[in-house]
Amino acid sequence: MTLSLATKCVYMPDAVDSVTGAVNTPIYQTAGFAYPNPADLENVFKGRDSGHVYSRISNPTIADLERRIAYLDNALGAVAFSSGLAAIFTTIMVLARSGQNIVVSNALFSGSRDLFDETIPQLGIDVRWVDITDHNHIKALIDDQTAAVFSEIISNPKLVIPDVKALVDGIGSIPLVIDATLTGSTGFDAVAHNVAVVIYSSTKLFASNTGAIGGIVVDTGCFNWGQARHPDVRSAYDRIRGFAFIERLRRHGLNNGGFNTSPMNAFLTLVGLETLALRYERICQTAQTVAAFFDKLGIPVRYPGLATHPQHALANELLTGFGPLMTIDLGTKERAFAFISKLKIVKNMTNLGDNRTMVIHPKSTLYWRHDTERLQQAGVTDGLIRMTIGLESPDDLIHEFKEALQ
Ligand SMILES: *Cc1c(COP(=O)(O)O)cnc(C)c1O
């Protein structure tokens, strides 16, 4: 029987420590692992035996987090990184090489936008920006050197949603990489939609209490890595078949790059995951209530759960729940600042998918360096407030918003 996600959040086969009976994953707070017999260490180094040698490369607590996420996603495997951005960076570095190109949605979280604008081109990879809903343009940009297509599942903060089915069909043998930070495993089923790679900033919905930065790359198992455009992945495929991408992520990102997370952060993320399904359900309900509240007042509000959202029908089909994020537009920076200044329960800070409700004025913060074109692509205006809903009572939130609007 296939278990529901809520059950899988607190249950996994073989998760209990067979020696001690511990149900919580122990925090293996160690950099290295000793092997009294040199032949044993040789065998682990050479991959003949499984085991851990050094926590930059692997660690039992981190391995448990990776196993847990692969299990939740019904995926082939997962690799944990020090942050969401380290996860994205490593994925692109593994999939594309100098002289190749990637097609990237122009509606992105500001940190990802900066990574693709400033850093990825330094690897000699051509970044081709596109409106991810414009399938003709995507087709026109793709050539035989296109190594990946990248989009967020709900873009932060414009709330653009890609038609994943049409994208996968349209791009054929090119891997589609989806940043599903805004839905987590609960809101979007990547395997069912044939997505090649899913990335999460585990800082957000997974850890959920502003306690641990982290990122996860998931290989869904849907993509044939023998078709990868990067020769390095193809030669790994010739050696180890389906595990080529996972192995290359570990080799380049962890062994060589050192973008590993810490055992403590992996543990905190595991604790967060136990309540993921429950929290997500509650967050989506409250977000819907709050969005409807602003909508009823005639304040411009963008939320995929509202019928006024241009892609509401697609969101309904593609997602389970509509996520924690919405934006309202108060027209001017002054009005936005006045509103934010009056909030007490709601925090003025960056981060999202947290247990706490948060707001931020993107134009003066996350996007302050960005030019007019990029602001427009990201949907950032003078009076825009980004809001991410947490676990507070919807009544208390609405009461606070009502007061702040006066
Ligand atoms: C926060 C965020 C990231 C980056 O994750 P970090 O853990 O902060 O590095 C990437 N994508 C999206 C959609 C995000 O919201």
Quiz item: Going by atom types only, do Asn106 and Lys158 share a side-chain donor-acceptor pair under 3.5 Å?
Solution: no
Quiz prompt | Any donor-acceptor pair under 3.5 Å from Ser83 side chain to Ser201 backbone | solution = no
Quiz item: Is Arg282 reaching over with its side chain to a backbone N or O of Glu392, donor-acceptor style, under 3.5 angstrom?
Solution: yes
Quiz item: Does Phe109 offer a backbone N or O that forms a donor-acceptor pair with the side chain of Glu152 under 3.5 Å?
Solution: yes
Quiz item: Any sub-3.5 Å donor-acceptor pair from Gln100's side-chain atoms to Arg229's backbone N or O?
Solution: yes
Quiz prompt | Cationic N near anionic O, under 4.0 Å, Arg248 to Asp232 | solution = yes
Quiz item: Which residues pass the ring pair (Phe, Tyr, Trp, His ring centres under 6.0 Å) test with Phe188, sequence neighbours left out?
Solution: His193
Exercise. Please say whether the positively charged group of Arg374, taken as NZ for Lys or CZ for Arg, lies over the ring of Trp129, i.e. under 6.0 angstrom from the six-membered ring centre and within 45 degrees of the axis.
Key: no
Exercise. Test Thr289 against Phe293 for side chain to side chain contact (heavy atoms under 4.5 Å, CB included), laying out the working first.
Key: CA-CA 6 Å; Thr289 307; Phe293 160 77; 5.9 Å; no
Quiz item: Among Thr183, Asp189, Leu314, whose side-chain contact (heavy atoms from CB on, under 4.5 Å) with Leu319 holds?
Solution: Thr183
Quiz item: By side-chain contact (heavy atoms from CB on, under 4.5 Å), which residues pair with Arg67, not counting sequence neighbours?
Solution: Met12, Asp64
Quiz item: Are the charged groups of Glu66 and Arg250 less than 4.0 angstrom apart, N to O?
Solution: yes
Quiz item: Within the distance-only criterion (no hydrogens, no angle test), does the side chain of Thr275 pair as donor or acceptor with the backbone N or O of Gly272 below 3.5 angstrom?
Solution: yes
Practice problem: For Phe337, check ring pair (Phe, Tyr, Trp, His ring centres under 6.0 Å) against everything at least two apart and list the hits. | Solution: His361
Quiz item: Are any of the side-chain heavy atoms of Phe81 and Val217 separated by less than 4.5 Å?
Solution: yes
Quiz item: Do Ser173 and Gln227 have a side chain donor and acceptor closer than 3.5 Å?
Solution: no
Quiz item: Among side-chain atoms of Arg356 and Asn351, is any donor-acceptor pair under 3.5 angstrom?
Solution: no
Quiz item: Does any donor atom in the side chain of Thr181 or Asp179 lie under 3.5 Å from an acceptor atom in the other side chain?
Solution: yes
Quiz item: Got a donor-acceptor contact below 3.5 angstrom from the Tyr367 side chain to the Ser110 backbone?
Solution: yes
Quiz item: Under the ring pair (Phe, Tyr, Trp, His ring centres under 6.0 Å) test, which residues partner Tyr54, sequence neighbours left out?
Solution: none
Quiz prompt | Residue pair Leu85 / Ser112, side-chain heavy-atom distance below 4.5 Å | solution = yes
Quiz item: Counting only N and O atoms by type, is there a donor-acceptor contact under 3.5 Å from the side chain of Thr269 to the main-chain atoms of Phe206?
Solution: no
Quiz item: Counting N and O atoms only, with roles assigned by atom type, does the side chain of Arg234 sit under 3.5 Å from a partner on the main chain of Ala228, one being a donor and the other an acceptor?
Solution: yes
Self-check item: Salt bridge present between Arg369 and Asp117 (N-O < 4.0 angstrom)
Solution: no
Quiz item: Under 6.0 Å between ring centres, would you say that holds for Phe150 and Phe116?
Solution: yes
Exercise. Compare every heavy atom of Arg68 with every heavy atom of Val10, then report the nearest pair and how far apart it is.
Key: C-NH1, 4.1 Å
Quiz item: Where the side chain of Ser55 meets the backbone of Thr30, is there a donor-acceptor pair that is under 3.5 Å apart?
Solution: yes
Self-check item: Heavy-atom side-chain contact between Phe223 and Val197 under 4.5 Å
Solution: no
Quiz item: Between OG1 of Thr146 and CG of Asn101, what distance do you get to the nearest 0.5 Å?
Solution: 3.5 Å
Exercise. State whether Phe243 and Arg241 meet the cation-pi test: NZ (Lys) or CZ (Arg) under 6.0 Å from the six-membered ring centroid, and within 45° of the perpendicular axis.
Key: no
Quiz item: Is a side-chain donor or acceptor of Thr61 paired with a backbone partner of Phe267 at a separation under 3.5 angstrom?
Solution: no
Practice problem: Using only heavy-atom distances, determine whether the side chains of Asn43 and Tyr35 contain a donor-acceptor pair under 3.5 Å. | Solution: no
Exercise. Check the pair Leu141 / His137 against side chain to side chain contact (heavy atoms under 4.5 Å, CB included), numbers first and verdict last.
Key: CA-CA 6 Å; Leu141 287 179; His137 192 205; 3.8 Å; yes
Self-check item: For the student: nearest non-hydrogen atoms of Ala277 and Cys9, plus distance
Solution: N-SG, 3.8 Å
Quiz item: With sequence neighbours excluded, what pairs up with Gln288 under the side-chain contact (heavy atoms from CB on, under 4.5 Å) test?
Solution: Tyr303, Leu306, Phe322
Quiz item: Between Asp163 and His135, is any side-chain donor less than 3.5 angstrom from a side-chain acceptor?
Solution: no
Quiz item: What residues, two or more places apart in sequence or in another chain, satisfy side-chain hydrogen bond (donor to acceptor under 3.5 Å, both in side chains) together with Asp396?
Solution: none
Exercise. May I ask you to say whether Glu247 pairs ionically with Arg251, meaning some side-chain N is under 4.0 Å from a carboxylate O?
Key: no
